[in-house]
Structure formats: structure tokens, C-alpha cells
Protein chains: 2
Amino acid sequence: MTDTARGTSHRYGTRPTMKDVAARAGVGLKTVSRVVNGEPGVTPDTERRVQEAITALGFRRNDSARILRKGRTASIGLVLEDLADPFYGPLSRAVEEVARSHGALLINGSSAEDPAREQELVLALCARRVDGLVVIPAGDDHRYLEPEIAAGVATVFVDRPAGRIDADVVLSDNFGGARDAVAHLIAHGHRRIGFIGDQPRIHTARERLRGYRTAMAAAGLPVDDSWVSLGSTAPERVRAAAAAMLDAPEPVTALFAGNNRVTVTAVRVLRERPHPVALVGFDDFELADLVRPAITVVAQDAAHMGRTAAVQLFRRLDGVDETPRRMEIPTRLIPRGSGEIRPYEG
Amino acid sequence: MTDTARGTSHRYGTRPTMKDVAARAGVGLKTVSRVVNGEPGVTPDTERRVQEAITALGFRRNDSARILRKGRTASIGLVLEDLADPFYGPLSRAVEEVARSHGALLINGSSAEDPAREQELVLALCARRVDGLVVIPAGDDHRYLEPEIAAGVATVFVDRPAGRIDADVVLSDNFGGARDAVAHLIAHGHRRIGFIGDQPRIHTARERLRGYRTAMAAAGLPVDDSWVSLGSTAPERVRAAAAAMLDAPEPVTALFAGNNRVTVTAVRVLRERPHPVALVGFDDFELADLVRPAITVVAQDAAHMGRTAAVQLFRRLDGVDETPRRMEIPTRLIPRGSGEIRPYEG
DNA sequence: CCCCCAGTTGACAACGTTGTCTAGAGGCTA
DNA sequence: TAGCCTCTAGACAACGTTGTCAACTGGGGG
């Protein structure tokens, strides 16, 4: 690249301030402030002069200064795992929608499942003095938030509970959803059912496993250790896990996939198999009904979760002072075909 | 400790400031500032005392004040259409990634395809004094941005060009991609090909239509008016448009879908049809390879677009002063089956 | 005629931070 | 010992806005 042009250009333009507008309109600073904020006590004539000066100079109020003065920022922070994950799109959008309806902006960032990065992001948002936070936790210790919460930053956790602090949280009914899914498979005749889930340090993974075990136990079915595989959701690992369960001497006849990434890989794996294997996935995904067989899933309502969290956040910001709440959003079993396949009897 | 509720209520405000820290540490205000910002010129002993006071009080620098003082905010704004659209997830994430690598936060909002809302959002971001903007335009007149750009707010448009102002823009090769897609269908023997696209006021829709027409013309094929349908991408409309083309006396034998929403609806429609119809979609989508037949698409690289835009934005912020650039990201035709179906001869 | 009141308007001091400048405290050299 | 330098530290004035309060206007009532 050539040398960057120095000096001359519009380097960070001096933007006009209220003082400039005031000078141009021949009024006092405070009068400009009044006009800009639509406060009463300005004659139509003065207002017109000020408005003219504003447009002439291209003035735009500096919200940084305003925020500094007023204390509140009218913005909330959203920290999630990965914006590219389709689960978070609707959630994020729902939060934004609510924020918007309260006149607040949304600042967000992705933690990439890294607790250190989550903390870094959250604290950066606090330094910006966001009024509140919606956090999808990556870490399991949120005590670093205590001073912030004490200072009045409302915080709501979503999808996974906060670690070692007491705060509002919005969860899916992971346990119930998983139990229902597995019971559904059992009701269709399966007795050997495999579970492939996320890393056990993740709360939802543990809850779904618990649901799986509970459903099996409730039906009086044993669970062989080799039927349960928790770990990374990377395709290779899921592939290997599924293969192991399906190639065993007594193979599983159905799979319960712990989240949408696992489900998708499972679909690919099962497609290559000679015999039909039943499949239920946790998390719905677009096009689940287009695949053949269409995929039976336990659907979470991400938008509902986001909306609930944001509403609760603004309740807190409005001064509602109650003990932290745990809100659970129900899941819904959507039978589409893959979960209704009967056990293949070799 | 499930019991929170400190009687010494936390009603907003009274966060410790540098002044408080200074008082507690028995040093001057500026010394605290130095410690907080890691500036040199503080003895280890003094620094220790200050650090202690900081932790004891739970001090966190107020970035609003810092921003006001320094002028730059280390944040950029991203305005897109709809976070819930899977196309924007990876794009948004890529922008965030680059921002992060430059130490900047990302503030974002959705325009919901509403030009007024886009403008409102953009100006709100400017009032926050974001350093730069990445905008996926909803409107077609961006002159309202002129004062902002003149004042030094770097702006890069993505996916669609800016309206009536001259600015950096990152586009997909919509024309070339569409032309290739249709040429692909023609190469597989099709002579009557339908195009269902988005509203013609949208730049990408027009470009893709142009690609369609160009490919047809290049092959010496006529285009019947009834084969082209632009408008809302709502399923009902797409359904009706497809039905009309397929039920005509001389039905089309292939469809070219103008974006992923159209493609998905088209898949559903074609599934119900007695005869096979070829289909190529613009935009890739997850699972396109799981459907049977798998869907041939023209893939855009959303992450690449986001990254390119963000990189250009930070180049501008670093002072690079060149005439606005138009960057085109190539598309890629991915044959998967649905686009290789031969014309059905009744 | 004076007083009071309502309606406008602007001077001024915050808000919490950082840049600039100056004051001391030592240490070193001549 | 004087002179000079380096290093640490703090006083003070911005940054652009809003809340407070006081000053002015003109009109109406006593």
C-alpha cells in the first residue's frame, strides 16, 4: 500500500456542538438544548431559528456527553455464544425488538464459548455503562458480575443458569423435553437408544442427559454406558460416536441427538446406513421437514426465550425489585417421521 | 448463598469514580488514571495501593466519559435487515470478529427492510459517535448520511449499493452468479426457465434478473413474461407464482429461485408436483445437501463479505483516503442434483 | 403606579475522564 | 555546593451535554 495521506484531509472532523448552533442562531446554549430535546418554553420563532442553524451546520447531538450527564445509556448488552448459530438469530432479534420498543439500542458480542472472552466482553459492556445485560453464559462462575449488579446493572441469563450468583434466568425445559423425546422413542418400540450430546460442562447437555436417563428408567430400561456419548459436537466426533453405537454387537435402534449440530451430522450418518434408525433431535431447524424422512424434533422457542429475558430485564430496569426468578420455557415435540420409525429387527 | 437482598439497597448510581479511588488510595486523581490505563510513571508501590483501592471499591472506568474526552468510541455500528435471517448470521459474526481484532465493540440493529427505520437507526448510531458503520441498505437514498461522512464517520455498504451517495460497497456478483445458474440449466437442456425473485426495488433482485435475461439471450432463448415473477418472498406468493408457471399450457421445465427464502418454498412446491422440475437457488443454505434431490445453488460467501467490509472500514479509520471502492465477492455454483435434472417431456 | 406572575432565556456548575503543565524529590556531574 | 536532569505526582482545564437557578420581559390586577 502507498503511504497514507497525512494531515490534510478531514481527519476526525470537528463536529458542530450545541455551542456552535447557539452562536449561529444567536441564542444561548441551553435554548439549543431545549429545542433539540423538545422541551417546552421556547417561542416558535426562536425554535425556528435554532432549527435552521441545526440543519445548516448538520448538527447531531453527542450522546456520549448526554449519557455522561444523565447516567443512563438507553442501551443494553447481549452476550451470546455465536451469532452464526441459527439458534441465536431469532433470540437476538427478539431481544432487539424488545429493546427497541423501550427506546434502547443493543450492543452485542460473541463469547465463542470461551469463559474468559465472555468476562472480557461483559466488563467492556459494563464500562460502557449499558443499563442491562442479557447473557448466554459460556463460563460457570459469574461472581465477577457482583459489583456490577450491585451498582445497578440489571442482568438476565438465558439458556443456561448463572454460575455462583443469584440472578434472573430464562431456560428451556431441557429435562422435560429430553424425557419426552426419549419416551416417544420408547413408545415406538425402542429399547436400545443412544444419546449423543454436548460437553458435560454445559448445563443444557447435563439436563438433557438427565431427561434421557429418567425416561429410560421410567420405562424400566437399562442404559449401557456405550450408548451415551458426550463431548464436542464436531462432525467427526459425532460420526465416530454414532458409528460405535450402531456397529456394536447389540446396536442401538434409535438415536437421540442432544442439539441441532449433532442432529444434522446424525442425519448424514444415518443416510449412509443400510438399515433404518430412528432419530429425534433436540432443537428444531429450518428444513427439518424437507429431509426424508422428515426429522422429529424437540423444538425450543428461541424467540420466546429472548423476548422473555428482555422483558424481564426491562422490568428490572423499571425498578421491579423481587427475588431472582427462574423462568422455564416449554419445549414442544414435533413428530415428523424420523422419530416414529420402528426398531429394525436384523 | 441463595440469599441476596442487601438491605443497603443498590438503587442505581453511586458507582465509584477515579476520584473515590484516589481518595481511598491517598493519591491524586491523575495517578489513578495512569494506573487504570497502564501508563508509565507510577512507582510499583503507588500502583499497588491504587490497585487495592480499585478492587476494594469495585471500580470500573466509565467509558462514556472517556469517549467524550477522547473523541473516538472504539465501536462500530452494523445495520442489517434481519438478524434472524440465516444469511446475516455469518456476516454479522465476521464483522464482529474483525471489530474485535481492532479492539472495537459492535452495536447493531435491524432495519426490517424499512428505509425509515434504517435511517433512524443509523442516526442513532451516529449520535453515539460510532467510529464507523457497516450498512446493509434497506432504502435507496442515503444522502442523509452526507453530514456524518463529512464529519468522519467511515461507512461501508454491504450486499446492496448505497443510494445517491458515493461510498465503499461490498457486493456479491449477483449478475454473474445468476447468469451462471441459468446457463447451467440451459446446458442441461432447458429452454423454458422460470425466475421467481424478490421485489424489483431491491438491487440484488434486479441484478439477478439481469443475469437471468442475459443467460437466456446468450443462448438465443426467448423469455415469456409469464416466466418472470418478482415480488414479495412470502410463501403464498411464491407458491402462486410457481404454480402459474408450472400449470401453463407450455410449462417451464426449470426454476431459478432468486434467494434462499424463495428456494425453500420452491422445494416444498416441487415436492408436490407429479413431474420432476429442475431447480437452482441463489444463496446456499444449511442442509441443502440433505434434501432429495439435493439442491443446486449459487452460493454467496456471507462471511467473506462481512470480513471484507469490516476490513475496508478499518482501513478507512486508519486514515486510508482513496476514492470509494466497489468490491465484488464471487459466487460459486454448487451442483448437487436439483439443477442437473433434465427437462421433463410430457 | 406598583407588584406579582407566567413565560422565556441564558449563565453556570456538574457528569468522570484524559492531556498538559508544573512542582518536588532525588541523583548525578562538574 | 551549585546546576541539571529524570522520575513521580498532582492541579487544572477541557470534552459536550443537561439540571438549576436567576434574570429578564410584558401583561394584568390591586
Side-chain angles (χ1 to χ4, degrees), chain A residues 12-51 53-54 57-75 124 126-131 151-152, chain B residues 12-51 53-54 57-75 124 126-131 151-152:
Chain A
Y12 205 52
T14 42
R15 296 188 70 123
T17 71
M18 286 191 178
K19 201 169 128 192
D20 301 323
V21 175
R24 167 136 187 165
V27 301
L29 175 55
K30 180 68 211 204
T31 301
V32 177
S33 171
R34 274 193 265 264
V35 171
V36 169
N37 296 295
E39 289 169 23
V42 181
T43 57
D45 181 59
T46 312
E47 169 156 8
R48 189 186 45 70
R49 291 217 315 286
V50 172
Q51 285 293 8
I54 287 177
L57 295 174
F59 167 81
R60 191 96 53 208
R61 181 180 62 197
N62 184 332
D63 275 0
S64 295
R66 169 169 230 251
I67 286 165
L68 174 59
R69 187 64 234 261
K70 301 197 76 123
R72 289 255 161 157
T73 61
S75 56
C126 288
R128 293 290 172 111
R129 295 294 187 270
V130 293
D131 296 334
Chain B
Y12 196 65
T14 56
R15 288 189 76 121
T17 71
M18 285 191 179
K19 202 169 128 192
D20 302 322
V21 175
R24 167 135 188 166
V27 302
L29 175 55
K30 180 66 209 203
T31 301
V32 177
S33 172
R34 274 192 265 265
V35 171
V36 169
N37 295 295
E39 288 169 24
V42 181
T43 56
D45 181 60
T46 311
E47 169 156 7
R48 190 186 44 71
R49 290 219 315 286
V50 172
Q51 285 293 8
I54 287 177
L57 295 174
F59 167 80
R60 191 96 54 209
R61 180 180 64 198
N62 184 332
D63 275 0
S64 294
R66 170 170 230 254
I67 286 165
L68 173 59
R69 187 63 233 256
K70 301 197 76 124
R72 290 258 159 152
T73 61
S75 57
C126 289
R128 294 290 173 110
R129 294 295 188 269
V130 293
D131 297 333

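The figures that follow rest on heavy atoms only: side chains count, while hydrogens, waters and symmetry mates do not.
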Smallest separation among heavy atoms of Arg128(B) and Ala74(A), with atom names: NH2-O, 3.2 Å

Residue pair Thr73(B) / Ile67(B): nearest heavy atoms and the distance that separates them: CG2-CG2, 3.3 Å

Over all atoms of both residues, closest heavy-atom pair of Val35(B) and Glu47(B): CG2-CA, 4.2 Å

Within residues 58-65 of chain A, residues whose heavy atoms come under 4.0 Å of DNA chain D: Phe59(A), Arg61(A), Asn62(A), Ala65(A)

Whole-Å distance separating the CZ atom of Arg72(A) from the P atom of dG19(D): 15 Å

Side-chain donor/acceptor of Arg34(A) to backbone N/O of Glu39(A), under 3.5 Å: no

Proximal nucleotide (of dT17(C), dT18(D), dC15(D)) relative to the Leu68(B) side chain: dC15(D)

Five-pair end axes of the helix from dC1(C)-dG30(D) to dA30(C)-dT1(D), angle between them (10°): 60°

Side chain to side chain donor-acceptor pair (under 3.5 Å) partners of Arg60(A), counting only residues at least two apart: Glu148(B)

Value in whole Å for how far the P atom of dG10(D) lies from CZ of Arg49(B): 8 Å

Partners passing side chain to side chain donor-acceptor pair (under 3.5 Å) against Arg48(A) (at least two apart in sequence or in another chain): Asp45(A), Glu52(A)

Nearest listed nucleotide, side chain of Lys70(B), among dT18(C), dG16(D), dT8(D): dT18(C)

Where Ala25(B) and Ala53(B) come nearest, the two heavy atoms and their spacing: CB-CB, 3.9 Å

Where Leu68(B) and Ala65(A) come nearest, the two heavy atoms and their spacing: CD1-CB, 3.8 Å

Distance (rounded to the nearest 0.5 Å) between Arg15(B) CZ and Asn62(B) CG: 8.0 Å

Residues that Arg61(B) engages under side chain to side chain donor-acceptor pair (under 3.5 Å), provided they are two or more places apart: Asn37(B), Asp63(B)

Interatomic distance where CZ belongs to Arg129(B) and P belongs to dG16(D) [whole Å]: 9 Å

Atom pair distance, as rounded to whole Å: CE in Met18(B) and P in dC15(C): 15 Å

Spacing of CE belonging to Met18(B) relative to NZ belonging to Lys30(B), to within rounding of 0.5 Å: 8.5 Å

Nearest listed nucleotide, side chain of Arg69(A), among dA13(C), dT8(D), dG16(C): dA13(C)

Rounded interatomic separation in angstrom, taking CZ from Arg15(A) and P from dG16(D): 11 Å

Distance in Å, Ser33(A) OG paired with Arg66(A) CZ, rounded so as to fall on 0.5 Å steps: 8.0 Å

Neighbours of DNA chain D within residues 27-37 of chain B, by heavy-atom distance under 4.0 Å: Val27(B), Gly28(B), Lys30(B), Thr31(B), Arg34(B)

Phosphate OP1/OP2 of dT9(C) contacted by Thr46(A) side-chain N/O (<4.0 Å): yes

Whole-Å distance separating the CZ atom of Arg128(B) from the P atom of dC15(D): 22 Å

Distance, rounded to the nearest Å, where Arg48(A) contributes CZ and dT8(C) contributes C1': 16 Å

Euclidean distance, atom CG of residue Leu57(A) to atom C1' of dG16(D) [Å, nearest integer]: 15 Å

